[in-house]
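Indexing begins at 1, ligand by ligand and atom by atom, following the structure's order.
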Amino acid sequence: MIMAVALLLIVIGSVLFHWLNPWWTTPLASNWQEMDDTLTITLVITGIFFVAINLFVVYTLLRFRHREGRRAAHEPENRKLERWLIGGTSVGIMALLAPGLVVYANYVRSPHDAMELEVLGQQWQWHFRFPGADGKLGATDARFVKEGNPFGLDPDDPAGQDDILIAANEVHLPLGKPVLVLMRSHDVLHDFYVPPFRARMNTVPGQVSRFWFTPTVEGRYEALCAQLCGVGHPNMRGFVVVEDEASFNAWLAAQPTFAKTQVKAPAVPPAEGEAGAGARVEQGRALAESKGCVACHTIDGTPRVGPTWKGLYGKTETMVDGSTAQVDENYLRSFIRDPQARQVKGFAPVMPKLDMNDEELAALVAYIQSLGSPPAQAATEQKAQR
Ligand code: CUA
């Protein structure tokens, strides 16, 4: 009797919770209403079965409960009932699977006029690439990945020269235009997921996965990594900005092409004075964002996957082998260049090797240094160095 009442309460509670709960999907911002419909179908079918099966159990608990002197009836075979159950289950499973297969087929078959966007996943950041004026993405290969070529583009492929590279966690898209998303990974499984678009797909090392969608509402949407990909996974975030076509074109025109990133910048003498130092720190701050450092290092004193950068400069770190080292410019430079060479006590040796040229490295170190001591002291130190 108690079990029957408990089950009944669970059923009523579950149905009420579904109708009253404040957590539901975010407003749809793409063409994929079909995704929502498929989910609704699944929810309705599983909901009906959940209620029906539990109510049936409640009924049998009451109807066939123990009574003094009454024996249970034994009926191991019932052909008619079996046929009904097999038929009902088959129809239910088909209704669960078939709509999803149809939507998935539509999801990976893109319209001919879709613009291409490459999404590149790597621990623990997102990069993006557009095909450029020729409309073709250049060939890529893992063996081309090196400093100055984080996307691994084939330098000899003419189609790749005008490719537009976004080496940051934010990409823009024009409103109302279908986008074919082509996805690669440099290391492990990731999953690019933008909840309001109802669109997501694994990025798999060694292959290109694809899906398409049309953004239908302007806004700035957060993109998540939805595949547990290592300690930095929760911080592997990005943004997709949907805007009108003119704004998008203006933004795109300001991004560098592959050919442009390959031209060695002429050696500019470092700027003098406070302004130069400030610009360098600012460049370092931007790099920390774009290279994904902020996924593991905070600047507010809380340790995350890696040590916080607040007060790091000038500190003495203890290594796993018991030796100590003072965090100075040389320490930071060699650590960022080869993160696996030394292991700091208290932190897992998971820092990825980043592609950075000398100038970028100097800027990043300057930024970390700027967080190391109070501003006044930092300024005097910088003056003392000059
Ligand atoms: Cu990438 Cu989780």
Exercise. Tally of protein N/O/S atoms under 2.8 Å from atom 2 (Cu) of ligand 1?
Worked result: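 That number is 4, waters not included.
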For this session: Classify the ring geometry between H172 and W251 as parallel (under 30°), tilted (30 to 60°) or perpendicular (over 60°).
Result: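 Judged by the thresholds at 30° and 60°, the geometry between H172 and W251 is parallel.
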Exercise. In terms of ring plane angle, is the pair H297 and W309 parallel, tilted or perpendicular, where the classes change at 30° and 60°?
Worked result: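 It falls in the parallel class, under 30°.
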For this session: Carefully, step by step, assess D134 and K136 under the rule salt bridge (Lys or Arg N to Asp or Glu O under 4.0 Å).
Result: CA-CA 5 Å; D134 65 356; K136 269 196 289 198; 5.8 Å; no
Exercise. Salt bridge check: are E282 and R285 linked by an N-O gap of less than 4.0 Å?
Worked result: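 Here E282 pairs with R285 in a salt bridge, since their nearest N and O are under 4.0 Å apart.
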Exercise. Hey, what else clusters with I48 if you join Ile, Leu, Val, Met, Phe, Trp, Tyr whenever side-chain heavy atoms sit under 4.5 Å?
Worked result: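 Direct or chained contacts put I48 with V44.
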Exercise. Do W19 and I12 share a hydrophobic cluster, counting only Ile, Leu, Val, Met, Phe, Trp and Tyr and linking them when any side-chain heavy atoms are less than 4.5 Å apart?
Worked result: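 Yes, W19 and I12 fall within the same hydrophobic cluster.
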